[in-house]
Amino acid sequence: MSAGRDLVLSIGRLYCDIVFRGLDAMPRLGEERFAETVAIVPGGGGFITAAHLAALGTPAGLLARIGTDPLSGTLAPALAESGVDLRWLERAAEAGPQPTVVMVQDGERAFLSRRAGSARPATLDAALAERAARHLHIAEFATLAEIPDLIDRAKRAGLTVSLDPSWDDDWIRRPDLIERAAGADIFLPNAVEARAIAKCEDLDQAGNHLARHFPVVVVKDGANGARLFQRDTTLALPAPEGGPVLDTTGAGDAFNAGFLAAWLAGRAPERALAEGITCGTLSVRSVGGAGTRLHPADVDAMSRNLLRCHERIDA
């Protein structure tokens, strides 16, 4: 890595998450339900990953678009306080409102979202030309589909690339998804996405299939932890047991931040996997994808303990 190149760019749609918690049951057609609490927070994998990277001490910039409407405007304070570099956040009237209604019941959630305008920010060229930029994280395949040369452009700029496909009914089972994602260095699906993309129910077989197309594949499996597939190597770590689960929104994006921060810092694959699991675990203890401020010392301690416990189990 060239001196001074430590910035991670994170690209994806920026949503206004309206998070309802404390539901006895999910609403059905013709019914009205009431929640105990509601929070309005920035959402979208691009922002959530960037915010957690910044909290971990890894410089992160957001590549996204935001509307000029009142709802989009409510996000300004949280964005400013996130620690994320906002130089490449484009403001445009047709980019909003872009809300996501999140309904949380017993720790699990359902989403209803609206996309507005194009996902391609006018600031893309300037961001990729930034001398400090080292890595591009693409937070959803839908954004890559709208900017099909994105990976090639990042590579020409000397950046490594990671991709979280993120579930999208229009794309997840498309036979050309892997081909369109060619060139990504790190592929970060969750277990459901990995099975759908690989067309294989066995998670190890799915991971090994994907590893034939991407140098590093990391499959996130919620409470079961995560698995890393690289060449002929497979690693698996469980998630820590216990602890409150308030909201799983953005847990996968928090995992991405922990894993990428460790991987880009040159840490061993086992340690990177442990830090990803730790960040995902800590994130579910508050409301909203970026609601938990990840502290490097806490992540370090919890990751080391996770690795020690795993070693004792293996022994």
Side-chain angles (χ1 to χ4, degrees), residues 1 8 49 52-53 56 58 134-139 141 144 151 154-155 159-166 172 177-241 251-281 299-315:
M1 180 181 68
V8 176
T49 298
H52 286 311
L53 282 167
L56 291 169
T58 299
R134 175 189 183 184
H135 182 85
L136 175 68
H137 175 64
I138 305 170
F141 183 81
L144 177 60
I151 294 176
K155 291 289 191 170
L159 279 62
T160 51
V161 177
S162 55
L163 171 63
D164 183 331
S166 190
I172 200 69
L177 185 149
I178 290 176
E179 180 183 351
R180 285 170 172 260
D185 301 284
I186 304 173
F187 194 60
L188 294 155
N190 65 28
V192 176
E193 293 156 358
R195 290 184 175 106
I197 295 167
K199 298 177 176 57
C200 176
E201 284 302 310
D202 183 276
L203 200 53
D204 284 326
Q205 291 181 14
N208 284 315
H209 172 79
L210 294 172
R212 293 199 288 270
H213 301 276
F214 304 100
V216 179
V217 175
V218 182
V219 179
K220 297 163 285 187
D221 196 15
N224 296 318
R227 308 181 195 194
L228 183 147
F229 303 86
Q230 186 181 22
R231 303 184 186 92
D232 298 324
T233 301
T234 301
L235 300 172
L237 282 178
E241 295 182 1
D253 301 309
F255 176 102
N256 294 344
F259 179 85
L260 290 173
W263 189 270
L264 294 171
R267 294 184 181 135
E270 296 93 335
R271 183 59 188 270
L273 198 62
E275 294 199 19
I277 292 170
T278 295
C279 291
T281 299
V299 172
D300 180 72
M302 191 170 177
S303 299
R304 289 181 183 275
N305 186 58
L306 176 60
L307 288 170
R308 283 195 295 267
C309 291
H310 181 63
E311 288 168 1
R312 288 197 295 269
I313 292 170
D314 286 347

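As a basis for the values below, the full set of heavy atoms in this structure was taken, side chains included, without hydrogen atoms, waters or symmetry mates.
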Working to the nearest 0.5 angstrom, can you tell me the gap between [X] [atom1] and [Y] [atom2]?
X: Arg212; Y: Arg231; atom1: CZ; atom2: CZ; value: 16.0 Å
X: Phe259; Y: Arg271; atom1: CZ; atom2: CZ; value: 13.0 Å
X: Leu260; Y: Cys279; atom1: CG; atom2: SG; value: 10.5 Å
X: Leu177; Y: Arg180; atom1: CG; atom2: CZ; value: 8.5 Å
X: Leu264; Y: Ile186; atom1: CG; atom2: CD1; value: 6.0 Å

Close side-chain approach of [X] and [Y], heavy atoms under 4.5 Å:
X: Leu273; Y: Arg267; value: no
X: Thr49; Y: Val8; value: no
X: Asp185; Y: Lys155; value: yes
X: Ile197; Y: Phe141; value: no
X: Thr233; Y: Pro269; value: no
X: Glu270; Y: Leu228; value: no
X: Asn305; Y: Thr278; value: no
X: Asn256; Y: Ser162; value: no

Which pair of heavy atoms, one from [X] and one from [Y], lies closest together, and at what distance?
X: Ala196; Y: Ile172; answer: CB-CG1, 4.1 Å
X: Ala262; Y: Ala272; answer: CB-CA, 3.6 Å
X: Ala184; Y: Phe214; answer: O-CD2, 3.6 Å
X: Ile277; Y: Pro240; answer: CG2-CD, 3.8 Å
X: Asp221; Y: Arg227; answer: OD2-NH2, 4.4 Å
X: Ala239; Y: Gly222; answer: CB-O, 3.9 Å

Polar side-chain atom of [X] near backbone of [Y] as donor-acceptor pair, under 3.5 Å:
X: Glu193; Y: Asn190; answer: yes
X: Arg195; Y: Glu201; answer: yes
X: Asn208; Y: Asp204; answer: yes

I would like to know whether Val218 and Trp263 meet side-chain contact (heavy atoms from CB on, under 4.5 Å); could you show each step before the answer? CA-CA 12 Å; Val218 182; Trp263 189 270; over 6 Å; no
Phe229: partners by ring pair (Phe, Tyr, Trp, His ring centres under 6.0 Å), with sequence neighbours left out: none
Between His209 and Ile178, does a side-chain contact (heavy atoms from CB on, under 4.5 Å) hold up when you go through it step by step? CA-CA 11 Å; His209 172 79; Ile178 290 176; 4.0 Å; yes
Intermediate values then yes/no, side-chain contact (heavy atoms from CB on, under 4.5 Å), Ile138 and Ile151: CA-CA 9 Å; Ile138 305 170; Ile151 294 176; 3.8 Å; yes
Leu307/Leu237 under side-chain contact (heavy atoms from CB on, under 4.5 Å): CA gap, chis, key distance, verdict: CA-CA 8 Å; Leu307 288 170; Leu237 282 178; 3.9 Å; yes
So does Lys220 pair up with Asp253, basic N to acidic O under 4.0 Å? no
